[in-house]
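Below: the structure, in structure tokens.
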Amino acid sequence: MDKRPIGIFDSGLGGLTCVREIMKIMPGEDVIYFGDTGRVPYGTRSREMIIKYVEQDIRFLESFDIKAIIIACGTASSAALPWIAEGKTAKIMGVVEPAAKMAVKATRNKKIGVLGTSATVKYGKYVENIKSLCPDAEIIQKACPMFVPIVENGYTESPVAEIIAKEYLSEVKAAGVDTLILGCTHYPLLRKVIGDIMGEGVTLIDSGAAAANCAHEFLKAEGLLKGEGEACEKGRYRYFVSDEVEDFSQLGGVFLERPIDESVQKIDIEKY
Ligand code: DGL
């Protein structure tokens with residue numbers, strides 16, 4: 001048993017889709033969440049910049065006594081996780097490997113689509129991971145740079161989201177994929193719009209939820225869960241951001257599907 005919290009971060013609100021799943025499957029775990037809302041988006045930046053940001057985000061989370069870190073961001077997991085310096089004290093996990101595994105398990109026709117930010121598509125880590133598990137899989141990637149601002153601004157079910165999603169999804173749909181990875185943790189908020197366009201036969205893989213499930217398996221196997229079952233005391237959640245606290249509290253509730261009642265604190269990430 002390990003009572004220390006899990007550290008989770010994203011460039012903004014997207015990683016809360018991972019926290020939501022943790023609340024469901026590991027309700028006893030304490031979580032420290034950092035959303036780098038002052039520097040979102042990461043997906044249009046250079047690898048050097050993303051690595052610098054990720055190193056700072058990890059240093060901030062490591063200033064607490066945490067047992068593991070989940071990089072709940074497809075961009076950071078693709079562009080930085082394989083390159084970040086060794087010697088971190090906590091176990092660090094990303095979203096790419098878990099989502100690729102889940103997609104390979106789900107596909108029947110071995111045609112898998114990957115939606116992600118420009119950086120995620122450029123570094124091709126989803127493709128690499130899927131190929132290593134299923135070498136004859138046919139993979140079609142699509143960068144969807146407009147999705148993050150649509151989600152961060154709360155336009156998830158608007159006509160504008162539908163028009164842009166139709167445009168982005170046309171090639172992926174035409175390719176006949178039966179499984180589609182929502183490779184950015186913001187995209188599950190567009191699940192309804194994406195699902196309607198792709199149709200019922202297509203399985204959508206939520207990368208944040210996949211990472212939460214993988215973290216659960218790891219913590220359980222290593223005996224690091226805080227506790228499980230009825231008797232387990234409820235998890236505590238602390239949120240930190242690098243920009244406006246009010247915006248995060250308000251929109252964060254939509255990601256979590258429950259209001260954020262806990263305190264949200266603003267920090268200066270450049271100090272880390
Ligand atoms: N949630 C991040 C991801 O999973 C958002 C990307 C961004 O900041 O551009 O990729």
Side-chain angles (χ1 to χ4, degrees), residues 7-22 33-58 69-84 92-100 102-103 113-127 129 141-156 161 164 168 180-191 194 204-212 214-215 239 241-243 247-248 251-252 254-256 269:
I8 302 179
F9 74 90
D10 177 44
S11 57
L13 292 149
L16 293 175
T17 54
C18 178
V19 176
R20 180 180 65 200
E21 188 70 8
I22 288 183
Y33 183 86
F34 174 60
D36 198 0
T37 50
R39 305 191 294 194
V40 68
Y42 283 8
T44 46
R45 299 184 195 273
S46 67
R47 170 176 285 164
E48 291 67 35
M49 196 56 90
I50 298 169
I51 291 176
K52 178 190 156 202
Y53 289 175
V54 169
E55 292 273 13
Q56 287 179 315
D57 301 343
I58 290 174
I69 290 178
I70 303 176
I71 302 184
C73 172
T75 306
S77 303
S78 303
L81 180 54
W83 289 272
I84 48 176
I92 301 179
M93 297 167 263
V95 298
V96 172
E97 220 183 293
M102 205 177 252
V114 178
L115 305 182
T117 63
S118 304
T120 297
V121 165
K122 182 167 160 197
Y123 296 118
K125 290 289 161 193
Y126 281 106
V127 176
N129 274 270
Q141 298 195 92
K142 181 71 188 172
C144 310
M146 301 280 284
F147 277 174
V148 169
I150 286 176
V151 170
E152 290 270 332
N153 288 289
Y155 283 89
T156 48
I164 291 171
Y168 281 153
L180 180 61
I181 299 181
L182 308 180
C184 164
T185 51
H186 281 70
Y187 298 177
L189 272 284
L190 292 164
R191 176 181 274 277
I194 295 172
L204 303 182
I205 306 289
D206 177 331
S207 52
C214 203
Y239 302 95
V241 290
S242 50
D243 203 353
D247 297 349
F248 181 87
L251 205 53
V254 180
F255 280 75
L256 288 178
I269 192 64

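Both ligands and their constituent atoms are indexed starting at 1 by order of listing. Hydrogens, waters and symmetry mates are skipped; everything else that's a heavy atom, side chains included, is used.
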Practice task
Let me see the working for Thr75 and Ser78 under side chain to side chain donor-acceptor pair (under 3.5 Å), right down to the final yes or no.
Solution key: CA-CA 5 Å; Thr75 306; Ser78 303; over 6 Å; no
Exercise for the section: Looking only at non-hydrogen atoms, find the nearest pair between Thr37 and Phe248 and report the distance. Expected result: CG2-CD1, 4.2 Å
Practice task
Could you tell me whether a side-chain N or O of Ser207 sits under 3.5 Å from a main-chain N or O of Leu182, the two making a donor and an acceptor?
Solution key: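 The answer is yes, because a donor-acceptor pair under 3.5 Å joins these two groups.
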Exercise for the section: Only one of Ile70, Asp36, Val54 passes side-chain contact (heavy atoms from CB on, under 4.5 Å) with Phe9; say which it is. Expected result: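 So, applying the side-chain contact (heavy atoms from CB on, under 4.5 Å) to Phe9 and each of Ile70, Asp36, Val54, only Val54 qualifies.
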Problem - Student check: side-chain heavy atoms of Ile269 and Phe34 closer than 4.5 Å - result: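 Contact flag for Ile269/Phe34 side chains = yes.
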Problem - Proximal protein residues to ligand 1, non-hydrogen atoms under 4.0 angstrom - result: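 Residues near ligand 1: Asp10, Ser11, Val40, Pro41, Tyr42, Gly43, Cys73, Gly74, Thr75, Thr117, Val148, Cys184, Thr185, His186.
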Problem - Test: Asp57 and Arg39 ion pair at under 4.0 Å - result: yes
